[in-house]
4 protein chains.
Amino acid sequence: MARGVNKVILIGNLGQDPETRYTPNGNAVVNLNLATDESYKDRQTGQMVPKTEWHRIVMFGKIAEVAGQYLRKGSKVYIEGKLQTRKWQGQDGQDRYTTEVVVDINGQMQMLDSRGAGGGMDQGAPQGRPQPQPQQNQQPPQGNYGQQSGQQGGGYNQPAGGQGNMPEPVDDFDDDIPF
Amino acid sequence: MARGVNKVILIGNLGQDPETRYTPNGNAVVNLNLATDESYKDRQTGQMVPKTEWHRIVMFGKIAEVAGQYLRKGSKVYIEGKLQTRKWQGQDGQDRYTTEVVVDINGQMQMLDSRGAGGGMDQGAPQGRPQPQPQQNQQPPQGNYGQQSGQQGGGYNQPAGGQGNMPEPVDDFDDDIPF
Amino acid sequence: MARGVNKVILIGNLGQDPETRYTPNGNAVVNLNLATDESYKDRQTGQMVPKTEWHRIVMFGKIAEVAGQYLRKGSKVYIEGKLQTRKWQGQDGQDRYTTEVVVDINGQMQMLDSRGAGGGMDQGAPQGRPQPQPQQNQQPPQGNYGQQSGQQGGGYNQPAGGQGNMPEPVDDFDDDIPF
Amino acid sequence: MARGVNKVILIGNLGQDPETRYTPNGNAVVNLNLATDESYKDRQTGQMVPKTEWHRIVMFGKIAEVAGQYLRKGSKVYIEGKLQTRKWQGQDGQDRYTTEVVVDINGQMQMLDSRGAGGGMDQGAPQGRPQPQPQQNQQPPQGNYGQQSGQQGGGYNQPAGGQGNMPEPVDDFDDDIPF
DNA sequence: TTTT
DNA sequence: TTTT
C-alpha cells in the first residue's frame with residue numbers, strides 16, 4: 001500500500017527501439033526513451049516554438065514483454081507509471097542521480113498506433129531482441145533491478161541461463177496479443 | 001498546445017519549508033522537496049518495508065506564491081505538473097541532468113492539511129523566506145528560469161526592487177542533494 | 001487488459017458515512033458520496049461562487065473494507081477509479097442510467113485526514129454499519145454487483161455467516177439523491 | 001480555484017461524429033460519445049470478454065472547435081476533463097441526472113490518429129456540421145450551457161444569427177491547426 | 001528531509 | 001533520439 005500518490009501519465013513517441021533485458025530470474029525489463037512534445041509561444045518573437053521533453057521509462061513484468069515485442073522506434077504510446085530516482089556512481093566516483101518513470105504491475109501501457117495495436121501482424125521479423133552487447137563496463141545509467149541479496153552477477157542477464165543453450169525463456173504469447 | 005501528454009500527479013509531504021525566489025520581473029518561483037511514501041513486501045522477509053521517494057518540484061506564478069506563503073515543512077499537498085529535465089554543468093565541467101516536476105499555469109496545487117487549507121491564518125507573519133545563506137558558489141541544481149535573452153544578471157532575484165544591493169540571489173542545499 | 005484508458009481522480013469529502021454491503025461470497029462493497037468543490041468567477045457579478053459536484057463512488061475488495069472501516073462523513077479522501085454507467089429500471093419501467101466511479105483492484109484510495117490515516121484507532125467498535133433501513137422496495141440506484149449467473153438471491157448480503165433472517169440489507173438514501 | 005480535485009482521463013474512440021452547437025454568444029459546444037474498451041476474465045468461463053464503456057463528453061471553447069472540426073466517428077482521442085452531473089426533467093416531470101465529462105479551458109484533448117493529427121487533410125468537404133435538427137422539443141439529455149440569466153431562448157443556437165441562411169458560423173483557423 |  |  002502507498003501512503004501517498006506518485007503517478008506519471010505520458011503520451012509520446014519512442015526515440016529508439018526498446019531495449020530489453022532480463023533479471024536473473026528471467027523477468028523482462030525494458031528501457032524506453034519517450035518524447036513528449038509541447039509548443040509554447042515565445043515571449044520575444046510571439047512565435048510558437050516546439051519543445052521536446054525526453055523521458056526515461058523502465059518497464060517490468062508482462063508489460064515489459066509486450067513493450068519489447070510490439071513497440072518500435074517511433075511508436076506512439078500511453079504510459080502510466082511512477083517517478084523514481086536512482087543513485088549511481090559516476091566514473092569519477094561521484095554520485096549521480098537518474099529519474100525514471102517506472103511502469104510495473106501497477107502501471108499501464110497502451111499502444112496508440114493503429115498498426116500493431118491489437119493487430120501487430122506486421123512484426124513478421126520478430127525483432128530479435130537487440131543482440132546482447134558485450135558488456136564493456138561502461139559507466140551506465142542502466143538500472144540494476146532484480147538483484148537479490150547474495151547475488152553477484154552483473155545487472156541484467158539474458159534470460160535464465162543466458163546465452164547458452166537456452167530452450168527459450170520468455171515470449172509466451174506469440175500469437176494472441178494480450179491487449 | 002501540446003502534441004503529447006506529460007502529466008505528473010503527486011500527493012506527499014514537504015521535506016522542508018519551500019524556497020521562494022523571484023525572476024527578474026518579480027515572478028515567484030518556488031522549489032519544494034516532496035516525499036511520497038510507498039511500502040512494499042520484501043520478497044525475502046515477507047515484511048512490509050517502507051520506501052520514500054523524493055521529488056523536486058518547481059512552481060511558477062500565482063501557485064508559487066500561494067505555496068511559498070502557506071506550505072511549510074511537513075505540509076501535505078497534492079500537486080499536478082509535468083516532467084522536465086534540465087541540463088547543468090557539474091564543477092568538473094561535465095553535464096548533469098536534473099528532473100523536476102514543473103507546476104505552472106497548467107498545473108494544480110491543493111493543500112491537504114486541515115489547518116491552513118483555505119484558511120492560511122498564519123500568513124500574518126509572512127514566512128520570512130528561509131534567509132539567504134551565504135552562497136559558496138558551487139554549481140548548483142537550481143534552475144535558472146525566467147532568463148530572457150540579453151539578460152546577464154544571475155538567475156533569481158529578490159522580488160521587484162529587491163533589497164538593495166543583493167549580491168546574491170539564493171542558493172542553498174549546501175552540499176549534495178540527490179538532484 | 002484494457003484497450004483504452006478510463007481513469008478518474010478525485011479529492012473530496014464524504015457527504016455521509018460509507019455504506020457497506022457484501023456480495024454473496026462475502027466481499028465488501030462500499031458506496032460513497034463524495035463532494036468535490038470548485039469555485040468560479042460569476043461573469044455577471046464578478047464574484048467567486050462556490051460549486052459542489054457530487055460523485056457516486058463504488059468500491060470493491062480490500063479497498064472497500066478499509067474505506068468502510070476508516071472513512072466517515074466529512075472524511076477527505078483521494079480516489080482513483082474508473083467511470084462506469086449502469087442501467088436500471090425506474091418504477092415507471094423506463095430505463096435510467098447512473099454513472100459511478102468504480103474503485104476496484106486497479107484503483108487507489110488514500111485517506112487524507114491526519115487523524116485516522118494509518119491509525120484508525122477507532123476501528124475497535126466496528127461502526128455498526130448504518131442500520132438496515134426497512135426497505136420499501138422502490139427500485140433503486142444501488143448496483144447489483146457480484147451476482148454470478150445462476151444466482152437468484154437479491155443483491156448484497158450480510159458478510160459470510162451473517163444473514164439469519166435479515167430483513168433487508170440495502171437501500172438507503174430514501175428520498176432524493178442526485179443520481 | 002478549486003478546493004478539491006475532479007479529473008477524468010480517457011482514451012477511446014468516438015461512436016459518432018461530434019455534434020457541434022453554439023451558445024448564444026457564438027461559442028462552440030461539442031458533444032461526443034466516447035467508447036473505452038476493457039476486457040476482463042470471466043470467472044465462470046475463464047474467457048476474456050470485452051466490455052465497452054460509453055462516455056458522454058462535452059467540450060467548450062477552442063478545444064470544442066478543434067474537436068468539431070477534426071474528430072470523426074471512429075477517431076481515437078485522449079481527453080482530460082472533469083465529472084459533472086446535470087439534472088434535467090423527464091417528460092414525466094421527474095428529475096433525471098446525466099453525468100458528463102466536461103472539457104473546458106482546464107481540460108485537454110489530443111487526437112491520436114496518425115491521420116488528421118496535425119494534418120486533417122481529409123476533411124475536404126468540411127463536414128457541414130450535422131445540420132441543425134428541427135427542434136422538436138424532445139426530452140433531452142442535451143445540456144443547456146451558456147445560458148445567461150435573463151435569457152429565454154432554448155439551449156444552443158446556431159452562432160450569432162441562428163439558423164437562417166447562416167453564412168458560416170465559426171471556424172476561424174482553417175489553415176493552421178493549433179496543435 | 002516529510003508523513004503515519 | 002521520436003512524432004506532426
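The sequence lines fix the lettering, A, B, ..., with proteins before strands; numbering per chain opens at 1.
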Is B:Lys51 salt-bridged to B:Glu38, going by a charged N under 4.0 Å from an acidic O? no
Protein-nucleotide distance ([X], atom [atom1]; [N], atom [atom2]), rounded to Å:
X	N	atom1	atom2	answer
B:Asp113	E:dT4	CG	P	9 Å
A:Arg56	F:dT1	CZ	C1'	13 Å
A:Met48	F:dT4	CE	P	18 Å
B:Leu32	E:dT1	CG	P	18 Å
C:Tyr70	E:dT4	OH	P	16 Å
B:Trp54	E:dT1	CH2	C1'	4 Å
A:Leu112	F:dT4	CG	P	13 Å

Name the closest nucleotide to the [X] side chain, picking from [options].
X	options	result
A:Arg3	E:dT4, E:dT2, F:dT2	E:dT4
B:Ala35	E:dT1, E:dT2, F:dT2	E:dT2
A:Asn13	F:dT3, E:dT1, F:dT1	F:dT3
A:Asp37	F:dT3, E:dT1, E:dT2	F:dT3

Whether C:Asp17 side chain and C:Lys73 backbone form a donor-acceptor pair below 3.5 Å: yes
Using side-chain hydrogen bond (donor to acceptor under 3.5 Å, both in side chains) as the criterion, list what pairs up with D:Gln108, not counting sequence neighbours. none
Partners meeting side-chain hydrogen bond (donor to acceptor under 3.5 Å, both in side chains) with A:Glu53 (sequence neighbours left out): none
Base of F:dT2 paired with side chain of A:Thr52 (donor-acceptor, under 3.5 Å): yes
